[in-house]
Amino acid sequence: MSNPGTVSAVKGFRDVLPDESRRWRVLEDAAESVFGRYGFGEVRLPVLERTELFARSLGETTDIVEKEMYSFADRDETLVTLRPEATAGVVRAYLEGGLVQADPTARLFYRGPMFRRERPQRGRYRQFYQIGVEVLGRDDALVDAELLVMLDRYLTEVGTRDVRLELNSLGDATCRPVYRERLREFGTAHLAALCPDCHRRLEKNPLRILDCKVEGCRRVVADAPVMLDSLCAACRTHFDEVRRLLDQEGIAYGVNPRLVRGLDYYCRTAFELIGAGLGAQNAVGGGGRYDGLVAALGGPDVPGVGFALGVERLAMVTPGAEAVAAGPMAVVLPLDARGVGPALRIATRLRDQHVAVGLEPAGRSLKALLRAADRRRARLAVIIGDDELQAGRATVRDLARHEDRRHALPLDAPGPELATAVRALAEGGS
Ligand code: AMP
């Protein structure tokens with residue numbers, strides 16, 4: 001029979017193996033704990049939503065909706081999409097789950113996979129993970145500042161390094177249309193130097209020319225008018241207040257007047273977290289205010305603000321989360337078939353007592369078994385050979401100190417006694 005070969009993962013989709021997973025858990029657990037202190041509760045949302053949800057919330061002219069969504073017709077012809085981001089889903093859940101009546105100022109956090117059909121490269125995948133938060137029902141500068149303080153505390157707690165916060169204001173329904181026209185006039189005057197994509201953007205959504213990656217466009221845009229110079233009085237007051245509160249709390253940030261967020265519904269406060277050493281895909285997270293979104297999705301006129309962090313990239317700039325996993329406290333080694341039953345019994349009793357224990361199959365030399373225990377980074381080896389079976393007591397080897405304690409562990413002792421003995425041996429006692 002010919003070997004059919006292995007099946008690889010789909011391009012841009014990757015596995016998160018146990019070592020990486022463990023690091024992610026550190027990031028997720030800290031998020032739950034820090035965000036919890038700020039009053040956030042977790043929502044678990046479906047990964048599949050109606051396509052319409054994203055078409056209505058993200059804006060028809062965003063890159064995501066235009067070319068990056070995984071959309072298909074379900075068997076009943078419903079058009080569905082693997083979520084490219086979670087804000088729209090959070091808002092849908094807030095409306096559909098009745099939170100809007102019960103708790104109009106909801107604070108929600110989420111974690112989970114997102115899907116975008118982008119060109120895969122380092123730090124960019126087609127399935128990637130986000131941790132994010134949304135506050136609904138608050139339009140004050142205080143809550144914007146509070147979110148950024150929380151983000152700062154979270155990053156400090158997990159030990160993130162070399163990131164900087166960039167801040168901007170995108171204006172609102174009063175001042176942005178005026179600015180948009182100024183920008184369109186500017187772009188039209190420099191049409192020849194702009195890429196074909198930007199020609200299209202100028203017509204549909206001129207703000208998007210500000211984050212075009214094409215070199216020629218970047219040169220033109222460097223001299224473009226900026227939103228910050230066109231803010232209306234209310235937006236100016238809001239922005240100044242956010243900055244004042246951040247300064248009061250000593251949160252470092254830079255104002256980047258060219259920062260725009262990819263999605264249409266952002267207004268006023270917008271920010272991005274940039275990782276210094278990350279290369280092209282250097283945005284570790286981003287967020288901002290989206291006061292029109294809830295209404296755009298059919299709800300009442302409720303404002304919102306939030307952010308999302310990319311877990312893959314966050315892990316890259318968080319060395320603390322690199323800590324190697326500790327191995328099991330002990331690995332039980334039956335030397336031959338007769339030791340198998342007692343080995344399982346001892347392992348099960350220790351595991352019942354919350355001791356992490358490995359268990360190796362019988363039939364290899366002691367040397368090979370000890371090598372296996374070392375590979376697992378175990379602290380102790382519990383050896384069950386003929387001699388031990390006869391004595392009714394296992395020999396325990398301290399793998400770090402290379403010391404044997406012959407017949408140290410009674411094979412038939414109850415779990416708590418075994419656990420106490422193993423813990424003491426692992427500490428180096430008797
Ligand atoms: P966005 O909603 O586009 O602002 O994304 C928020 C964060 O998610 C970004 O700052 C990245 O850290 C992360 N992210 C977005 N797209 C991808 C991707 N294709 N692969 C990996 N991470 C991503």
Side-chain angles (χ1 to χ4, degrees), residues 12 49-72 79 81-85 87-88 114-121 124-126 128 166 168-231 256-268 270 272 280-283 286-293 296-297 308:
E49 298 273 7
R50 288 174 193 277
T51 303
E52 186 194 352
L53 180 73
F54 303 112
R56 271 166 67 176
S57 65
L58 302 185
E60 302 274 0
T61 60
T62 54
D63 281 352
I64 293 182
V65 172
E66 279 182 344
K67 47 192 184 201
E68 295 171 1
M69 295 204 306
Y70 281 96
S71 301
F72 57 95
L79 283 178
T81 295
L82 286 174
R83 63 179 183 190
E85 57 94 51
T87 303
M114 309 295 156
F115 305 84
R116 294 182 196 173
R117 205 173 188 293
E118 298 184 90
R119 200 167 51 76
Q121 62 183 83
R124 189 161 72 188
Y125 311 100
R126 290 179 170 181
F128 59 96
E166 295 189 346
N168 193 17
S169 173
L170 302 179
D172 66 3
T174 309
C175 52
R176 190 144 47 149
V178 182
Y179 169 68
R180 192 182 292 132
E181 283 320 303
R182 283 184 63 197
L183 191 59
R184 181 175 282 138
E185 276 165 31
F186 172 86
T188 310
H190 295 80
L191 210 54
L194 294 175
C195 75
D197 272 346
C198 279
H199 289 184
R200 212 165 30 84
R201 289 178 183 132
L202 269 188
E203 269 171 44
K204 287 190 176 170
N205 187 357
L207 255 68
R208 298 300 316 282
I209 71 170
L210 295 178
D211 66 350
C212 181
K213 302 283 182 284
V214 176
E215 196 42 48
C217 300
R218 289 168 79 123
R219 268 198 302 273
V220 173
V221 160
D223 299 321
V226 295
M227 183 70 233
L228 278 186
D229 294 332
S230 303
L231 293 182
N256 175 2
R258 290 193 167 69
L259 170 72
V260 287
R261 299 279 304 148
L263 316 180
D264 282 355
Y265 54 70
Y266 280 99
C267 63
R268 291 196 171 166
E272 224 154 52
Q281 302 303 318
N282 64 356
R289 177 160 282 289
Y290 47 86
D291 292 350
L293 178 63
L297 289 176

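Keep in mind the model is a prediction, meaning the values are calculated, not measured. Starting from 1, each residue takes its place in the sequence as its number.
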Rounding to 0.5 Å, atoms OH (Tyr179) and CG (Asp229) come to a distance of 9.0 Å
Residues Arg176 and Leu170: closest non-hydrogen pair is CD-O, 3.0 Å
dist Phe128:CZ -> Glu118:CD (nearest 0.5 Å) comes out at 6.5 Å
| said: With a 3.5 Å distance limit and no angle check, can you tell me whether Thr51 reaches the backbone of Leu79 through a side-chain donor-acceptor pair? | reply: yes
- Query: Are the side chain of Arg83 and the backbone N or O of Glu49 linked by a donor-acceptor pair below 3.5 Å?
  - Reply: no
Which donor-acceptor pairs under 3.5 Å do side chains of residues 214-222 form with protein atoms, sequence neighbours excluded?
none

Taken to the nearest 0.5 Å, the spacing of Met69 CE from Leu82 CG works out to 10.0 Å
Under 3.5 Å, is there a donor-acceptor pair between the side chain of Asn168 and the main chain of Leu259?
-> yes
(request) Test Phe115 against Arg126 for side chain to side chain contact (heavy atoms under 4.5 Å, CB included), laying out the working first. (result) CA-CA 5 Å; Phe115 305 84; Arg126 290 179 170 181; over 6 Å; no
Worksheet item: For Glu181, does the CD atom have more than 12 heavy-atom neighbours from other residues, nucleotides or ligands under 6.0 Å away?
Response: yes
Are any non-hydrogen side-chain atoms of Tyr125 and Arg116 less than 4.5 angstrom apart? no
Looking only at heavy atoms, the pair that brings Ala88 and Leu297 closest together is O-CD1, 4.0 Å
So OG1 of Thr87 and CG of Leu58: to nearest 0.5 Å the spacing works out to 8.5 Å
Rounded to the nearest 0.5 angstrom, the CE-CZ distance for Met227 and Arg268 is 10.5 Å
ring-ring contact (aromatic ring centres under 6.0 Å, His included) pairs touching residues 187-213, sequence neighbours excluded, are Phe186-His190
Next item on the list: May I ask you to check whether over 12 heavy atoms, not counting those of Arg117, lie within 6.0 Å of atom CZ?
Entry: no
Original post:
Can Glu272 and Arg261 be counted as an ion pair, charged N to O under 4.0 angstrom?
Top reply: yes
- Would you find a donor on one side and an acceptor on the other, under 3.5 Å apart, between the side chain of Asp172 and the backbone of Cys267? no
**Message:** Test your reading of the model: is there a side-chain donor-acceptor pair from Arg258 to the backbone of Val226, 3.5 Å cut-off?
**Reply:** no
Contacts of Glu52 meeting side-chain hydrogen bond (donor to acceptor under 3.5 Å, both in side chains) (sequence neighbours excluded), chain-then-number -> Arg56
After noting the C-alpha distance and the side-chain angles of Arg201 and Cys212, does the key distance pass the side chain to side chain contact (heavy atoms under 4.5 Å, CB included) rule? CA-CA 10 Å; Arg201 289 178 183 132; Cys212 181; 3.6 Å; yes
Tyr266 side chain reached by Arg289 side chain, heavy atoms, under 4.5 Å: no
Sub-3.5 Å donor-acceptor pair from the side chain of Arg184 to the main-chain atoms of Leu202, do we have one?
-> yes
Handout entry: Exercise: do Arg50 and Thr81 side chains pair donor with acceptor under 3.5 Å
Key = no
Interatomic distance, OG@Ser169 vs CG@Leu231, rounded to 0.5 Å, equals 4.5 Å
How far apart are the C-alpha atoms of Asp197 and Arg200, what are their side-chain angles, what is the distance that settles it, and do they pass the side chain to side chain contact (heavy atoms under 4.5 Å, CB included) test?
-> CA-CA 5 Å; Asp197 272 346; Arg200 212 165 30 84; 3.1 Å; yes
* SB check Glu185 Arg182 (cutoff 4.0 Å) -> no
What one should report as the nearest heavy-atom pair of Pro206 and Arg180 is CG-CG, 3.3 Å
